[in-house]
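Below, chains carry the letters A, B, ... as their sequence lines are ordered, and counting in each starts from 1.
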Protein chains: 2
Amino acid sequence: MTTAVPAEDTRTRLLGTALRLFAEHGVEGTSLQMIADALGVTKAAVYYHFKTKAEITESVAEPGIRELDLLVVEAARHRRRGAQVDHLLDGFVDLVVRHRVLVALFSSDPGINRAIAKSAHGMEGFKDALIGILAGPEPDVTARVTAMVALTGVAMAGGSPDLAELDDETLRHELIDVGRRLLGRPRRHHD
Amino acid sequence: MTTAVPAEDTRTRLLGTALRLFAEHGVEGTSLQMIADALGVTKAAVYYHFKTKAEITESVAEPGIRELDLLVVEAARHRRRGAQVDHLLDGFVDLVVRHRVLVALFSSDPGINRAIAKSAHGMEGFKDALIGILAGPEPDVTARVTAMVALTGVAMAGGSPDLAELDDETLRHELIDVGRRLLGRPRRHHD
DNA sequence: GTCTATATCGTGATAGAC
DNA sequence: GTCTATCACGATATAGAC
């Protein structure tokens with residue numbers, strides 16, 4: 001019953017090379033032809049696995065989206081709001097740092113923003129949920145603006161080539177620090 | 001000597017309609033054909049005024065880039081660093097708020113980022129100059145990260161549709177406020 | 001100096017053979 | 001699953017009318 005290598009093998013390879021090419025030439029700078037060539041197949045073969053190019057970019061980004069999704073759920077489970085914010089910020093920064101390349105890539109891709117807006121699975125905007133946790137219930141304008149600045153700032157700075165030289169630990173530490181300052185969370189003593 | 005209507009008239013009209021269409025369908029969602037049709041001319045006519053589509057998007061964004069450029073120069077003229085930061089932050093927020101639509105549009109356009117990176121006229125990256133002023137001379141990592149988060153956060157939040165409901169004055173006030181908090185500038189008393 | 005007509009070529013996408 | 005057409009459309013280019 002060794003049903004052999006899963007049929008998804010090609011699909012997975014495809015996503016791998018796609019990511020590599022995206023990182024190298026940008027999303028819009030990567031054609032289906034390039035992906036096909038890199039895989040040694042034809043464009044049409046690529047189309048067998050993905051109906052559209054957007055579907056490829058979304059699939060490449062999906063692991064990150066999933067993590068983010070899960071993070072929001074987890075964070076929301078805390079009873080105290082402070083713990084919610086802490087959990088969310090820590091997790092978000094960690095996610096951004098680990099997926100730096102992805103973040104940089106897709107922050108400048110029109111398609112991905114659409115995907116994030118409508119969220120991964122179909123449930124409406126978990127981006128609102130993110131902001132909701134950071135800004136608190138019934139937030140005033142200041143809280144909302146602060147939450148947005150914190151979230152977008154951390155993401156953009158984390159993905160920026162200007163900070164690419166920093167190792168993960170340093171970047172993570174700095175981003176959490178600036179995030180906590182912004183959101184009014186107490187300073188942490190770091191070793 | 002009424003040398004008549006400048007030849008740039010069409011060029012200007014073109015940039016106007018281009019901006020309108022960009023705002024409506026996004027940059028990549030707007031073809032040269034659409035622009036040509038909206039103007040009542042042919043694609044080739046458009047191509048006469050601009051050698052490439054990228055040139056159009058850059059020209060549309062240029063006024064903003066110029067302002068930003070000027071702002072950096074002005075800010076750098078202050079002797080005290082505090083005054084430099086204040087000037088830059090005020091000006092930057094004002095610019096973002098006034099050009100909200102542009103900011104939203106081009107923050108997700110790969111082409112514009114390239115344009116900003118290499119700067120308008122040819123002098124290399126004034127983005128570095130921006131960060132340089134905010135982070136100060138010989139900045140440590142924390143200062144650099146903070147400056148980046150502040151700059152990108154303000155820009156993204158300012159251009160975000162999520163805050164589009166806010167009127168200019170409110171948004172400006174809130175962004176300056178959060179910016180000052182981040183950059184460690186003293187609170188201002190607002191009326 | 002401003003535009004039209006027209007052609008080229010790459011790209012995303014589809015239909016159908018193997 | 002993969003390939004061979006084949007499509008429409010986009011950006012880009014050139015030749016030439018006015």
Side-chain angles (χ1 to χ4, degrees), chain A residues 2-22 24-61 105-106 108-115, chain B residues 1-61 105-106 108-115:
Chain A
T2 52
T3 335
V5 186
E8 290 180 5
D9 195 40
T10 308
R11 196 193 139 100
T12 314
R13 274 197 326 140
L14 201 158
L15 287 179
T17 38
L19 174 55
R20 200 166 39 83
L21 291 173
F22 285 165
E24 198 167 343
H25 309 102
V27 175
E28 69 154 16
T30 304
S31 68
L32 296 185
Q33 193 63 255
M34 294 166 72
I35 299 177
D37 290 351
L39 272 157
V41 296
T42 60
K43 261 198 302 180
V46 172
Y47 267 105
Y48 170 76
H49 294 281
F50 300 91
K51 290 197 203 312
T52 158
K53 185 180 181 181
E55 204 175 289
I56 298 181
T57 73
E58 285 164 26
S59 296
V60 167
L105 241 176
F106 290 123
S108 70
D109 180 62
I112 275 310
N113 291 328
R114 255 171 278 144
Chain B
M1 287 296 289
T2 52
T3 334
V5 185
E8 290 180 7
D9 196 40
T10 308
R11 197 193 139 99
T12 314
R13 274 197 325 141
L14 201 158
L15 287 179
T17 38
L19 173 55
R20 201 165 39 83
L21 292 173
F22 284 165
E24 199 167 343
H25 309 103
V27 174
E28 69 155 13
T30 304
S31 69
L32 296 186
Q33 193 62 256
M34 294 167 71
I35 299 178
D37 290 352
L39 273 157
V41 296
T42 61
K43 264 198 299 181
V46 173
Y47 197 77
Y48 169 74
H49 292 281
F50 300 92
K51 290 198 200 315
T52 160
K53 185 180 181 180
E55 204 175 289
I56 298 181
T57 73
E58 284 164 26
S59 296
V60 167
L105 241 177
F106 290 122
S108 70
D109 180 63
I112 275 310
N113 291 327
R114 254 171 278 143

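Distance CD (A/Glu28) to P (D/dA11): 11 Å, rounded to an integer number of Å. Atom CZ in B/Arg11 sits about 15 Å away from atom C1' in C/dG1, given to the nearest Å. Spacing between atom CZ of A/Phe50 and atom P of D/dT2 amounts to 12 Å, rounded to whole angstrom units. Atom pair B/Ile56:CD1 and D/dG10:P shows a separation of 14 Å (rounding to whole Å applied). Taking atom NE2 on B/His49 and atom C1' on C/dT4, their separation rounds to 13 Å, with Å as the unit. Note: CD (B/Glu55) to C1' (D/dT12) measures 13 Å, nearest angstrom.
Between A/Tyr48 and D/dG1 there is a side-chain polar atom (N or O) within less than 4.0 angstrom of OP1 or OP2. Applying the 4.0 Å criterion to OP1 and OP2 of C/dA13, one finds that A/Tyr47 has a side-chain N or O inside that range. When the side-chain nitrogen and oxygen atoms of A/Thr10 are compared with OP1 and OP2 of D/dG1, none of them lie within a distance under 4.0 Å.
Every residue two or more places apart in sequence or in another chain that forms a side chain to side chain contact (heavy atoms under 4.5 Å, CB included) with A/Tyr47 is listed here: A/Leu32. For A/Leu105, the side chain to side chain contact (heavy atoms under 4.5 Å, CB included) criterion is met by A/Leu19, A/Phe22, A/Ala23, A/Val27, not counting sequence neighbours. With sequence neighbours excluded, the residues satisfying side chain to side chain contact (heavy atoms under 4.5 Å, CB included) with B/Ala54 are B/Thr52, B/Glu58.
Contact check of residues 29-45 of chain B against DNA chain C (heavy atom, cut-off under 4.0 Å) returns B/Val41, B/Thr42, B/Ala44, B/Ala45.
At a threshold of 4.5 Å between non-hydrogen side-chain atoms, the residues A/Leu14 and A/Phe50 count as touching.
Every pair tested for salt bridge (Lys or Arg N to Asp or Glu O under 4.0 Å) that includes a residue from residues 39-56 of chain A fails, sequence neighbours excluded, so the list is empty. Residue pairs meeting the side-chain hydrogen bond (donor to acceptor under 3.5 Å, both in side chains) criterion with at least one member in residues 20-31 of chain B, sequence neighbours excluded: A/Arg114-B/Glu28.
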